[in-house]
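Notes to accompany the following structure.
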Amino acid sequence: MTAHGLTSSFIARDEQWGAHNYHPLPVVIAEAEGASVTDVDGTRYLDFLSGYSALNFGHRHPALIAAAHEQLDRLTLTSRAFHNDQFGAFCEELATLTGTEMVLTMNTGAEAVESAIKVARKWAYEVKGVASDSAEIIVASNNFHGRTTTIVSFSDDSAAHDNYGPFTPGFVTVPFGDLDAVRAAVGPNTAAILMEPIQGEAGVVVPPDGFFAGVRALCDEQDVLLISDEVQAGLARTGTIFALDHEKVRADLYTLGKALGGGIIPVSAVVGRADVLGVLKPGQHGSTFGGYPVACAVGRAVVDLLSTGEFQQRSTELGAYLHERLNGLVGKGVAEVRGKGLWAGVDIDPAARTGREVSLSLRDQGVLCKETHERTLRMAPPLVITRDEIDHAVDALAEAVNA
Ligand SMILES: *Cc1c(COP(=O)(O)O)cnc(C)c1O
């Protein structure tokens, strides 16, 4: 388990000079292609994390790299003070792909969520008629929506939240998947319900069937916006454009990020109803880089890849295979498996090993994966993964949990 060769000198420098806000696995990656990465000592690994779904199309997908290169050679940044020839096309193509009416471009996932919160509050005051400064947004327990001060204000993960106060008020937390609790929390000041369709960071937690259909009905009845945070779950990860599509439910706003930038640059967006995003008028919100030409060119190439349905189909079919194989480990060092498509939360039997020990053992067997919390492993391979590679990873996991 000790770092070898060049690896240890790189890690020592990271630890001396980089802020310690992460605890990475001891592997130093230097190159990557498709579903595999190579470290500084020349060892190859299968990537079973995919940059938390930012690499849905694999590392350096040729169509995405080509789009980025072409744009870099032509125009990089204009700021939104001027129009550019990529912005409108990206917005139109993303809206068409997602069946939505309008697109607000940002950079990171957290910025998309922040933007959705601002829009929902503004909509509540200007359209719904909520008294000023009293809008409420209902969120779920164990949520993860990013790291800004407002977003961590409603996180119940103490590591993400503690000692960052004073916190932003206006959020009401209910247990994820509990429709009665959501109903009880809705009041005249409720602007929106903001939730992940499947909770990623919490360990790939799928809500009970019918939960979001119930939330949707409640939103319609009470004039409340439904905001689906699809930054990690969206864009084919679960086999559909939006994870909420599995519930046959439409949100009023969706947040997208991670895979929207093709694993090349940060690109995020809020997409949804034009009458809701339409509350933003010139000067009321913005971003220097949001919707810059390179982002739009890469985003357009991502939309293009998603428009064939190939990646959705791979996620559905190979995801069924992954889950079948993982379910075969339940009772053999694995306590529970959750998820949809090529996305799985694997709870390690507490009597077996910790998530960190399992991650280290997987690394030694050539598979990169990361624990979330103490004993859950999150598996999210790039959607270009093959059946044989899934077999290799699950065989390695069987070995890792039982060693
Ligand atoms: C990762 C994530 C975010 C934050 O995205 P960043 O790009 O890291 O700011 C927000 N919401 C969800 C559901 C996420 O998984």
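Numbering of ligands and ligand atoms starts at 1, following listing order. Any value given below was found using the heavy atoms of this structure, including those in side chains, with hydrogens, waters and symmetry copies removed.
- Between the side chains of Ser268 and Asn107, not a single donor N or O lies within less than 3.5 Å of an accepting N or O.
- Side-chain N/O atoms of Asp156 and Ser141 include no donor and acceptor closer than 3.5 Å.
- Between Arg13 and Gln16, the side chains place no donor N or O within less than 3.5 Å of an acceptor N or O (distance only, hydrogens not considered).
- Using a 4.0 Å heavy-atom cutoff, Tyr52 is absent from the residues neighbouring ligand 1.
- With atom 12 (C) of ligand 1 as the reference point, the heavy atom nearest to it among Asp229, Ile151, Thr148, Val113 is part of Asp229.
- Polar contact with ligand 1: present for Ala110 (N/O pair, distance under 3.5 Å).
- Atom numbering of ligand 1 starts at 1 in the shown order; those under 4.0 Å from a heavy atom of Thr108 are 7 (O), 9 (O).
- Ligand 1 has an N or O atom lying under 3.5 Å from an N or O atom of Gln232, backbone or side chain.
- The aromatic ring centroids of Phe87 and Phe90 lie 6.0 Å or more from each other.
- For atom 8 (O) of ligand 1, the nearest protein heavy atom is 4.0 Å or more away.
- Listed by number with element, the atoms of ligand 1 under 4.0 Å from a non-hydrogen atom of Glu196 are 13 (C).
- Under the 6.0 Å cut-off for aromatic ring centres, His161 and Phe167 qualify, their centroids lying closer than that.
- Gln232 and Arg237 form no side-chain donor-acceptor contact under 3.5 Å, judged by distance and modelled atom types alone.
- The closest non-hydrogen atom to atom 14 (C) of ligand 1, taken over Gln199, His145, Lys258, Glu111, comes from Lys258.
- Those atoms of ligand 1 with a heavy atom of Gly109 less than 4.0 angstrom away are 4 (C), 5 (O), 6 (P), 7 (O), 9 (O).
- Side-chain N/O atoms of Glu389 and Thr386 include a donor and acceptor closer than 3.5 Å.
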